[in-house]
Amino acid sequence: MTGGCGFIGSHVVRSLLAAGWDVTNLDRLTYASNPANLAGVGPSAPYRFVEGDVCDASLVGGLVEGMDLVLNFAAETHVDRSLLDPGVFVRTDVEGVVCLLEAVRRNPGAALVHMSTDEVFGSLVPPLEAAEDTPFNPSSPYSASKAAAELQVRAYTTAYGFPATVIRCCNVYGSHQHLEKFIPLFTTRAFAGLPLPLYGDGQQEREWLYVDDFVAALHLIVATLPATPGVHAVHVGSGERLPNRVVAERICALAERPTSLIAPVGDRPGHDRRYALDSSGLRSRGWAPAVPFDEGIARTVHWYAANAAVWGGAATGEFAAYLERQYGARLAVRGTPPA
Ligand code: DAU
């Protein structure tokens, strides 16, 4: 697999090892990778870590040889960063996938499962939910790169006649997520009594899925991979769609901090109002989320409270510079709180 030192990837590595898989983890160790996420894994486990780039064709080609499953979790994932620096998203999220596709087509025994996102559909007006065949309508450089990657998977599987699975997932949250993302950012800033920069009116809706429920979905998907050539899309959504302000207030309550920390700031450019997946396909195969948001968010806030050593404590280095670039001016000029 690729990207196993990231948030979702590290949960996947642990779960695969627990299920008896032999895992090779290719990870470039970018800012978003955290080797501490896999502390304690190996050396006795059937686990091999390879530091390297998903765009390195000869490295990837050699690793895929003899594999029966390739899971792609390597990606640049943060929408805000894609607005600051889109080029790296095209490289890792599109070129990296092409590199994997080249390796997989040369190794017909290797099944490809690629991690995509509900963001490829752009913003959906209620009560719309995106079906597997809903047309793409991305609105950020990040989501456009993920849509482009999916088109490459579609083209390769059509042209060369092999099967591949694309997982489109809603917002996953839980332990070990990088602090740049909404829930860990607001949680750790709330602990520190710092303002919580809520974009725009805070009424944007995201569909939140606890990471253990994603992992359970992945195991089912991997256990029931289709053999027919072409791309097979699977939607993984919790159905729990909440406005950002509600999530921010829940975090404040769990962190025992006042909601006055919530600071409305200038909106994210092109900010999608709402994502919603129709996940009936996977549910009909036996999957359902087991952890409701109220429980998952409590577990998550408590994990961050107890594990500063893992997530790194106060922001320093690259992350501190990013926070200044992303929020410095926004927090200096706050938005108007909604009535
Ligand atoms: O929907 C799946 C996607 O979820 C994944 O494909 C992405 O890789 C992942 O980053 C996530 O994208 P979002 O943009 O939805 O996640 P983020 O945590 O950045 O933001 C969640 C919501 O919170 C979004 O509406 C923007 C808002 N937000 C976020 C940040 C970081 C704020 O209001 N303030 C913030 O400072």
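Values below: all heavy atoms of this structure, side chains included; hydrogens, waters and symmetry mates excluded. Everything numeric in this text was worked out from a predicted model, so none of it was measured.
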Look up atom [atom1] in [X] and atom [atom2] in [Y], then write down how far apart they are to the nearest 0.5 Å.
| X | Y | atom1 | atom2 | result |
| --- | --- | --- | --- | --- |
| Q203 | R245 | CD | CZ | 7.5 Å |
| T134 | L128 | OG1 | CG | 8.0 Å |
| N34 | Q177 | CG | CD | 12.5 Å |
| S15 | D212 | OG | CG | 9.0 Å |

ILVMFWY network linking F121 to Y275, side-chain heavy atoms under 4.5 angstrom: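 In one cluster: no.
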
In one Ile/Leu/Val/Met/Phe/Trp/Tyr side-chain cluster, 4.5 Å: L194, L185: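 No: no chain of side-chain contacts under 4.5 Å links L194 to L185.
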
Criterion side chain to side chain contact (heavy atoms under 4.5 Å, CB included) against V54, the qualifying member of L100, L59, D93: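 Only one option passes, and that is L100.
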
Member of N25, T92, N72 meeting the side chain to side chain contact (heavy atoms under 4.5 Å, CB included) criterion with T2: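 Testing each of N25, T92, N72 against T2, the sole residue satisfying side chain to side chain contact (heavy atoms under 4.5 Å, CB included) is N72.
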
Over all atoms of both residues, closest heavy-atom pair of [X] and [Y]:
| X | Y | result |
| --- | --- | --- |
| L38 | G4 | CD1-O, 3.4 Å |
| D267 | H271 | OD1-ND1, 2.7 Å |
| T30 | D27 | N-OD1, 4.4 Å |
| P289 | L209 | CB-CD1, 4.1 Å |
| R189 | P195 | NE-O, 2.8 Å |
| F7 | G174 | CZ-N, 3.7 Å |

How about [X] and [Y]: are their ring centres within less than 6.0 Å of each other?
| X | Y | value |
| --- | --- | --- |
| H78 | F89 | no |
| H176 | W303 | yes |
| H11 | F214 | no |
| Y173 | Y210 | yes |

Check whether the side chains of [X] and [Y] place a donor and an acceptor atom closer than 3.5 Å, and report yes or no.
| X | Y | value |
| --- | --- | --- |
| T224 | R285 | yes |
| H114 | T165 | no |
| E150 | S116 | yes |
| T77 | K181 | yes |

Lys NZ or Arg CZ of R105 over Y160 ring: under 6.0 Å, within 45°: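 Judged by the rule (NZ or CZ under 6.0 Å from the ring centre, within 45° of its axis), R105 counts as positioned above Y160.
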
Y31 six-ring centre to R81 NZ/CZ under 6.0 Å and within 45° of normal: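 Pair R81/Y31 counts as cation-pi.
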
With a 4.5 Å limit on heavy-atom distance, are the side chains of [X] and [Y] in contact?
| X | Y | result |
| --- | --- | --- |
| E207 | L277 | yes |
| V79 | E119 | yes |
| Y142 | P86 | no |
| L84 | R325 | yes |
| N244 | R206 | yes |
| P243 | Q204 | no |
| W21 | Y47 | no |
| L198 | F186 | yes |

E318 atom CD, over 12 foreign heavy atoms within 6.0 Å: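 Result for CD/E318: enclosed.
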
Derivation and outcome, side chain to side chain contact (heavy atoms under 4.5 Å, CB included), residues I221 and V236: CA-CA 10 Å; I221 291 165; V236 185; 4.1 Å; yes

Salt bridge (Lys or Arg N to Asp or Glu O under 4.0 Å) assessment of R168 paired with D278: CA-CA 10 Å; R168 301 195 190 112; D278 171 356; over 6 Å; no

